[in-house]
Student: 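Mind having a look at this structure? Questions to follow.
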4 protein chains.
Amino acid sequence: MEPVLPSRGRKGDAVARILTAATAVFSEAGFGGTRVDEIARRAGVNKATIYYHIGGKETLYGEVIRSVIGNVAEKILAGVKEDQPPEEKMKTYIRSIIMTIENNPRMAPIMMRELASGGAHFPPVVGRDIARIIGTLTDILEEGVKKGIFISTVPFILHMMVIGSLMFYRASAPVRAKLEWIPEVVKQLSAGINEEVAGEIEKLILRAISR
Amino acid sequence: MEPVLPSRGRKGDAVARILTAATAVFSEAGFGGTRVDEIARRAGVNKATIYYHIGGKETLYGEVIRSVIGNVAEKILAGVKEDQPPEEKMKTYIRSIIMTIENNPRMAPIMMRELASGGAHFPPVVGRDIARIIGTLTDILEEGVKKGIFISTVPFILHMMVIGSLMFYRASAPVRAKLEWIPEVVKQLSAGINEEVAGEIEKLILRAISR
Amino acid sequence: MEPVLPSRGRKGDAVARILTAATAVFSEAGFGGTRVDEIARRAGVNKATIYYHIGGKETLYGEVIRSVIGNVAEKILAGVKEDQPPEEKMKTYIRSIIMTIENNPRMAPIMMRELASGGAHFPPVVGRDIARIIGTLTDILEEGVKKGIFISTVPFILHMMVIGSLMFYRASAPVRAKLEWIPEVVKQLSAGINEEVAGEIEKLILRAISR
Amino acid sequence: MEPVLPSRGRKGDAVARILTAATAVFSEAGFGGTRVDEIARRAGVNKATIYYHIGGKETLYGEVIRSVIGNVAEKILAGVKEDQPPEEKMKTYIRSIIMTIENNPRMAPIMMRELASGGAHFPPVVGRDIARIIGTLTDILEEGVKKGIFISTVPFILHMMVIGSLMFYRASAPVRAKLEWIPEVVKQLSAGINEEVAGEIEKLILRAISR
DNA sequence: AATGAATGAGGTTTCATTCAT
DNA sequence: AATGAATGAAACCTCATTCAT
């Protein structure tokens, strides 16, 4: 779609451009729908260059997955400080996820497809990431329960709720824009998760667990 | 994978078997990852039979989409009765979605992939379905607000929350089972949305909007 | 192209309709370009009916060839009477060919394609027909030479000239009509071989051999 | 990067070999009867190479048509000099067509099949070529009429006569050789248009139009 | 480091033919 | 006599990958 000028700059450019293009194409078309030709075209390199630098389609996909959902726990949990009250920690956790999704618009489609295919391509780090996130979330909730401000709930379900809400909202944007019959009110919602939407979701999640 | 007995029964069997097999394969592999050969194998028919009865891969996919997410509003809104109090209506709405997802396990992966690719294959009815669901949900929420039991919120966001939570929970089952490092507690969650999970999500959603 | 009503009349209708349709399709598309489906469609019968009554595509093509260029010598030589002067005999021969071509518009394309593929499907009768025609033509020319009104020439070459001229004129009609850049004068020539064209060709052939 | 001259003589070979093979196969079997596999086999390349360099079967056929009957007017009219008397010009025109047909033995079958299917694949240049040829022929004839040596006739009909005679003679060679019952005299005619045959046809055509 | 050319394996689709009724 | 359904074989075409430079 976006033809790329073959502006060769510094060394290593090629690899970066390949990864960017690959991320775009994989996120738009999925693994099976992606053509290596198309990635090469968008990256402005010869197809063989991809094989020279990176390897096959599978390897390339792995790289993309790693760069998109690798070490995501880091980003999500970075802001959660020990000295915050649990309510603030929850807010930080929610906002971090929102920022992660918004800063990386290719993430939602890729994760949804990966989930749909049973995570066939998830790198090992994903399990550890989920573990860390659920662990921290459990701590936050337990602390809240102890302080009498949260109800007791299942952390994993809550996590699915936050992730699911946000990703579905994000991923539904193109559909909202395209389909006829969708109510005008819905169409006018912002494609990205802007402050209004973020606030609304944050509010609902907190209301759901607040005593 | 499942070899199918070539049990030739009544007429029309072939078409039904083809659609069933196609739904399975498309849901497992996505459009690009699906091989027509595989569908034929699982349906126990010759590949050409698919073309004779239905047409190409694209048409077949369209049929699958139609049968899986066509007229889903019907099922979801069927139980919402006029004389219920808004809280009951919300519960009915949530439970209907859960049942729809559980009765049709192929739905979650297919919808997630479709969403990921911008709904390229959604039939026109999907727009109308979403419109009807959002419409009914809006009515329920407004009624609840009027009666002083619900807070005011954005119906579409709430819908994304319900759908997103449920589909992510459902679709994450294989990943939970497979990945190492996932906490034991999480692994032991049921794959399907059983009563416990359903009740938890229902509870959280209602808490989120209840005044 | 012409959809045919499935008007079942007398018995044997089907076979006749099949042969008519087959002649049309083979003449338009050639053997390789013809689809048995298309013949069935145009004949208004089920594809299997063709196999039931006639046999495979090859057999059907044979039948068409036989009916189109079988015993053509009969028609061409029928009018040549013993008591005519050689000039009249030549005219009769030319006019008979013209009438044969005009009465059977499917003949020209079929013959041209058969010739192009080396007559792979010619039935044995074709050889005998050519022999008879060349024989009679030789007689006519020799008689003319003896009477001092014709020059001596090679009968087969003359035959190719008559047949070639007429078939090329006839077969070029669609091309004349379709291509741009063709001079208006040429476009306005009649598609069929009308009296004017017939007379012109007859005149040229006779001038060519007349002393 | 690209060497100016094909250093090994190997580059571009593939395309040339493909076109040669394609011309042969299409001329022998027609479009519908041609298998891309067969072309690849004869060209000594992998089937995919054809698609890489040229595109699909249809495109390949177009290229063949272009190379076989593209700019044929050039060759036919090249020898016709202004200062020749009209009779010489006619002879040149006839001999040029003969040479064109003889130098390109694939031409006759391809043109005959194309004509039979209404010139579906003729490139635009064909119309212009016919226009130019008819134009020149008209000039020659008018000049002859003015000088009192030609009769008045329809140029297009005369052109069909020349082309038709020659192509039918040429294309009938395999049939003459194969069929039984064909008179020995006819069988012994040369397959190609040798000097004897060329002279005979030239003589007949000139006699036909000479006053 | 990078590429144009080439290819084997396998994809979707077509088609002449047969089968069961 | 006639047909809707079904199919094996083979057609066209694609695509991830490798090769030679």
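None of these values were measured; they are calculated from a predicted model. Worth knowing before you read on, the calculation uses all heavy atoms, side chains too, and leaves out hydrogens, waters and symmetry mates. A note on names: the letters A, B, ... follow the listed sequences, proteins ahead of strands, and every chain is numbered from 1.
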Student: When you measure only distances, ignoring hydrogens and angles, does the side chain of Tyr52(C) come within 3.5 Å of the base of dA1(F) through a donor and an acceptor?
Tutor: yes
Student: In residues 43-56 of chain D, what donor-acceptor pairs under 3.5 Å come from side-chain atoms, sequence neighbours left out?
Tutor:
| unit_1 | atom_1 | unit_2 | atom_2 | d |
| --- | --- | --- | --- | --- |
| Asn46(D) | OD1 | Ala48(D) | N | 2.8 |
| Lys47(D) | NZ | Asp37(D) | OD1 | 3.4 |
| Thr49(D) | OG1 | Asn46(D) | O | 3.2 |

Student: Can you pull out every side chain to side chain donor-acceptor pair (under 3.5 Å) where at least one residue sits in residues 107-117 of chain D? Sequence neighbours excluded, please.
Tutor: Tyr61(D)-Glu114(D)
Student: Choose from dA5(F), dT3(F), dA2(E) the nucleotide whose nearest atom is closest to any side-chain atom of Val45(C).
Tutor: dT3(F)
Student: Could you check if a side-chain atom of Asn104(A) sits within less than 4.5 angstrom of a side-chain atom of Val72(A), using non-hydrogen atoms only?
Tutor: no
Student: Could you tell me the separation between the OH atom of Tyr61(A) and the C1' atom of dA16(F), rounded to a whole number of Å?
Tutor: 17 Å
Student: Is His53(C) near enough to dA1(F) that one of its side-chain N or O atoms lies under 4.0 angstrom from OP1 or OP2?
Tutor: no
Student: Please identify each residue that fulfils side chain to side chain contact (heavy atoms under 4.5 Å, CB included) with Val175(A), with sequence neighbours left out.
Tutor: Leu179(A), Leu115(B), Phe122(B)
Student: Only distances under 3.5 Å count here; give the side-chain donor-acceptor pairs of residues 62-69 of chain B to other protein atoms, sequence neighbours excluded, each with its distance to 0.1 Å.
Tutor:
| unit_1 | atom_1 | unit_2 | atom_2 | d |
| --- | --- | --- | --- | --- |
| Glu63(B) | OE1 | Arg66(B) | NH2 | 2.9 |
| Ser67(B) | OG | Val64(B) | O | 3.1 |

Student: Restricting to salt bridge (Lys or Arg N to Asp or Glu O under 4.0 Å), what partner residues turn up for Arg35(A), sequence neighbours left out?
Tutor: none
Student: Name all residues meeting the side chain to side chain donor-acceptor pair (under 3.5 Å) criterion together with Ser27(A); count only those two or more places apart in sequence or in a different chain, and write none if there are none.
Tutor: Arg106(A)
Student: Send over the distance from Arg41(B) CZ to dT12(E) P, rounded to a whole Å.
Tutor: 14 Å
Student: If I take atom CD1 in residue Ile50(A) and atom P in nucleotide dA1(E), what distance separates them, rounded to the nearest angstrom?
Tutor: 16 Å
Student: Please, which pairs that meet salt bridge (charged side-chain N to carboxylate O under 4.0 Å, His left out) have at least one residue in residues 50-59 of chain C, sequence neighbours excluded?
Tutor: none
Student: Heavy atoms under 4.0 Å is the rule here; annotate nucleotides 15-20 of chain E 5' to 3' with B where the base is hit, S where only the sugar-phosphate is, and - elsewhere.
Tutor: BBBBB-
Student: Kindly compute the distance separating CG (Asp13(A)) from OG1 (Thr20(A)), expressed to the nearest 0.5 Å.
Tutor: 9.5 Å
Student: Can a side chain N or O of Thr49(D) be found less than 4.0 Å away from OP1 or OP2 on dT7(E)?
Tutor: yes
Student: Using a 3.5 Å limit on both pairing distances, list the dot-bracket string of DNA chain F from the 5' end; Watson-Crick and G-U wobble pairs count, crossing pairs take [ ], interstrand pairs take |.
Tutor: .||||||||||||||||||||
Student: Ile54(D) has an atom CD1; how far is it from atom P of dA5(E), in whole Å?
Tutor: 12 Å
